[in-house]
Amino acid sequence: MLDYDPIVYTCTFMRSVNRQCTLVFEFVHFIIPTTLVSLCYLRIWILIIHVKYRLRQDQKQKLKSSELRQMVIMFLVSVLFALCWGPYSIIGFAIGINAADIVGRAPQWVFLASSFLADFNSCLNGVIYGVFNQNFRNEYKKIFFLLLCKSRILTDITQKNSTRQTMTRMSELKQ
């Protein structure tokens, strides 16, 4: 079932091989996790709102920006998962229902874009955390600075080695 798929240029689950397997795979891979995550987040949000409401009534507290930011991060992570994996899974369901019709009629870029979008989801969480969390931003800056410094050091070493080699060749030619 795993093979190189020339439509998406990668080794992947061949969704057009077995209809029932594809439908089960897409259901287990997308519908169940998305539903469970949505229900869990909904339950967490209800609990947070309920507790905050009680605390505010007793102590007249305001909702802190860090608490609001955490709720926004949770919401964004779950929504972006659904948006990124949704097209891939919808195409998978369509292939599971009528593989010959979908694979033959849909343009190749649709398959490629949905596969890219699903893979792109893997890096989005880091971007979201970097945007909303100061600690992540600071660490990203440190990593970027270290990479920049290492590339400069490597460039300097390469240039020095190149200069030495040139000087050695010139001295050999003189003799």
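From a predicted model like this one, the values you see are computed outputs, not experimental measurements.
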*Asks:* Do R137 and N133 have side-chain heavy atoms sitting under 4.5 Å apart?
*Replies:*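 With C-beta onward as the side chain, the pair stays apart.
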*Asks:* So, taking the atom named CG in L42 and the one named OG in S78, what distance separates them when rounded to the nearest 0.5 Å?
*Replies:*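 Rounded to the nearest 0.5 Å, the CG-OG separation comes out at 10.5 Å.
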*Asks:* If you measure from CD1 on I90 to OG on S114, what distance do you get to the nearest 0.5 Å?
*Replies:*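 Interatomic distance, I90 CD1 to S114 OG, rounded to 0.5 Å: 10.0 Å.
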*Asks:* Working to the nearest 0.5 Å, report the span between CZ of F120 and OG of S115.
*Replies:*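 Going from CZ on F120 over to OG on S115, the span is 13.5 Å.
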*Asks:* Side-chain heavy atoms nearer than 4.5 Å, only ILVMFWY residues, links allowed to pass through others: does that put I91 and W109 together?
*Replies:*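 Same cluster.
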*Asks:* Parallel, tilted or perpendicular: which fits the ring planes of F81 and F30, with parallel below 30° and perpendicular above 60°?
*Replies:*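 Aromatic pair F81/F30 classed parallel.
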*Asks:* With a 4.5 Å cut-off on side-chain heavy-atom distances among I, L, V, M, F, W and Y, is there a chain of contacts connecting I46 to V37?
*Replies:*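 Shared cluster, no.
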*Asks:* E139 and N135: side-chain donor and acceptor closer than 3.5 Å?
*Replies:*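 No, no side-chain donor-acceptor contact under 3.5 Å.
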*Asks:* Is L112 reachable from L117 through a run of hydrophobic residues whose side-chain heavy atoms are each under 4.5 Å from the next?
*Replies:*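 No, L117 and L112 fall in different hydrophobic clusters.
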*Asks:* Let me confirm one number: the CG-CH2 distance from D119 to W85, rounded to the nearest 0.5 Å.
*Replies:*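 Reported value, rounded in 0.5 Å steps: 6.0 Å.
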*Asks:* Considering only heavy atoms from C-beta outward, does the side chain of T35 approach that of S38 to under 4.5 Å?
*Replies:*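 Of all side-chain heavy-atom pairs linking S38 with T35, none is under 4.5 Å.
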*Asks:* Going through the distances and angles, do F136 and Y140 end up as a side-chain contact (heavy atoms from CB on, under 4.5 Å)?
*Replies:* CA-CA 6 Å; F136 272 86; Y140 286 155; 3.9 Å; yes
*Asks:* Between F93 and V28, is there a shared hydrophobic cluster once you connect ILVMFWY residues whose side-chain heavy atoms come closer than 4.5 Å?
*Replies:*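 Yes, F93 and V28 fall within the same hydrophobic cluster.
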*Asks:* Taking all heavy atoms of H29 and all of S89, pick out the closest pair and write down the distance.
*Replies:*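 Minimum heavy-atom separation between H29 and S89: ND1-OG, 4.2 Å.
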*Asks:* So do L83 and V79 actually touch side chain to side chain, heavy atoms under 4.5 Å?
*Replies:*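 When only atoms from C-beta onward are counted, L83 and V79 do touch, with a gap below 4.5 Å.
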*Asks:* When rounded to the nearest 0.5 angstrom, what is the spacing between CG in L36 and CD1 in I31?
*Replies:*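 Reported to 0.5 Å precision, the distance equals 11.0 Å.
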*Asks:* Drop me the distance from K141's NZ to L146's CG, to the nearest 0.5 angstrom.
*Replies:*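 If I round to the nearest 0.5 Å, the distance is 14.5 Å.
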*Asks:* Is there a side-chain contact between I95 and F111, using heavy atoms and a 4.5 Å cut-off?
*Replies:*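 Counting from C-beta outward, I95 and F111 do come under 4.5 Å.
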